[in-house]
Amino acid sequence: MKPYFLFFFLLTLTCFACGESFFYENKIDIPAEGWAHDEKIDFSFEIKDTTQLYDLFLDVEHTDTYPFQNLYYYVYTKTPSVEKPRKLISSDLANKAGYWFGKCSGENCQLRIVMQENLYFDEIG
């Protein structure tokens, strides 16, 4: 097993007013051989309250031997009536000097990436 692969992605949709209780949470383990760009990971959830604002996070855990300083991924947004074009996002995991962002303990590092704050859903679904 390669020690530098991403252990898992954790996508969480939450509202800050609710503290650390998440509206939606899902964990995906990435295999040791890696994650191919054509392998989609689907996070589906249903919005029942359109009066709240939500914050969208991507929690990434990796080893300190992960060979890249950033992570690229596409985000697809689909509601019952609209499908928005995909958006390419680049998230920095480390600075140019190789210092990891987030919390590292031993070989493991964890980083919470804020994808979008105060997200408003204008329809149920």
Side-chain angles (χ1 to χ4, degrees):
M1 210 155 85
K2 296 179 183 178
Y4 57 82
F5 76 99
L6 291 179
F7 280 123
F8 61 84
F9 288 96
L10 177 68
L11 182 69
T12 306
L13 184 66
T14 184
C15 175
F16 276 134
C18 299
E20 285 292 312
S21 62
F22 299 118
F23 168 78
Y24 174 82
E25 180 177 22
N26 195 356
K27 175 182 170 182
I28 302 293
D29 291 317
I30 305 300
E33 52 276 357
W35 176 35
H37 74 292
D38 60 345
E39 295 176 37
K40 291 184 180 180
I41 297 176
D42 184 26
F43 297 100
S44 298
F45 50 89
E46 185 174 341
I47 297 297
K48 295 181 181 178
D49 185 357
T50 60
T51 64
Q52 285 198 65
L53 297 176
Y54 299 89
D55 298 315
L56 189 62
F57 301 105
L58 178 67
D59 288 343
V60 179
E61 184 174 328
H62 60 89
T63 64
D64 62 357
T65 57
Y66 183 65
F68 305 104
Q69 75 180 46
N70 59 358
L71 177 67
Y72 287 94
Y73 49 95
Y74 285 105
V75 174
Y76 297 83
T77 305
K78 182 178 179 182
T79 65
S81 63
V82 177
E83 186 169 342
K84 296 181 181 179
R86 70 181 184 181
K87 181 178 180 182
L88 177 63
I89 299 176
S90 173
S91 296
D92 290 329
L93 303 177
N95 65 17
K96 295 195 184 298
Y99 177 78
W100 295 109
F101 298 131
K103 297 177 185 175
C104 292
S105 176
E107 295 179 347
N108 295 324
C109 296
Q110 297 177 343
L111 175 65
R112 173 164 286 171
I113 299 167
V114 178
M115 294 176 62
Q116 192 167 1
E117 291 182 295
N118 297 319
L119 181 60
Y120 170 74
F121 294 98
D122 57 358
E123 63 182 305
I124 293 173

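Values below: every heavy atom of this structure, side chains too, minus hydrogens, waters and symmetry copies. Bear in mind the structure is a predicted one, so any value in this text is a computation, not a measurement.
Side-chain contact check for Asn70 versus Asp92: some heavy-atom pair is nearer than 4.5 Å. Side chains of Phe43 and Ile28 form a contact here, defined as non-hydrogen atoms less than 4.5 Å apart. In this structure the side chain of Asn118 reaches within 4.5 angstrom of the side chain of Asp55, judged on heavy atoms. The shortest distance between side-chain heavy atoms of Tyr73 and Leu58 falls below 4.5 Å. Side chains of Phe57 and Val114 form a contact here, defined as non-hydrogen atoms less than 4.5 Å apart.
Note that NZ of Lys84 and OG1 of Thr79 are 7.5 Å apart. Values are rounded to the nearest 0.5 Å. Atom NZ in Lys40 sits 8.5 Å away from atom CZ in Arg86 (nearest 0.5 Å). Note: Lys103 NZ to Cys109 SG = 12.5 Å, rounded to the nearest 0.5 Å. Here the CD atom belonging to Glu83 is positioned 5.0 Å from the NZ atom belonging to Lys78, to the nearest 0.5 angstrom. To the nearest 0.5 Å, atoms CZ (Phe121) and CG (Leu53) are separated by 10.5 Å. Summarising the geometry, atom OG1 belonging to Thr77 is positioned 8.0 Å from atom CG belonging to Leu119; distances are rounded to the nearest 0.5 Å.
Across Tyr74 and Tyr76, no two heavy atoms sit closer than the pair CB-CE1, 3.8 Å. Between Gly106 and Asp64, the shortest heavy-atom distance links the atoms O-OD2, 3.7 Å. Closest non-hydrogen pair, Gln69 versus Lys96, comes out as OE1-CA, 4.0 Å.
No donor-acceptor distance shorter than 3.5 angstrom exists from the side chain of Asn108 to the backbone of Thr63, with no hydrogens or angles considered.
Aromatic ring orientation, Trp100 versus His62: tilted (interplanar angle from 30° to 60°). Under the 30°/60° scheme for interplanar angles, the aromatic rings of Phe23 and Tyr54 are found to be tilted. Under the 30°/60° scheme for interplanar angles, the aromatic rings of Phe68 and Tyr66 are found to stand perpendicular.
Linking Ile, Leu, Val, Met, Phe, Trp and Tyr residues whenever their side-chain heavy atoms come within less than 4.5 Å places Tyr24 and Ile41 in a single cluster. Hydrophobic clustering (side-chain heavy atoms under 4.5 Å, transitive across Ile, Leu, Val, Met, Phe, Trp, Tyr) keeps Met115 apart from Leu88. Under the 4.5 Å side-chain heavy-atom criterion for Ile, Leu, Val, Met, Phe, Trp and Tyr, Ile124 and Tyr120 are members of distinct hydrophobic clusters.
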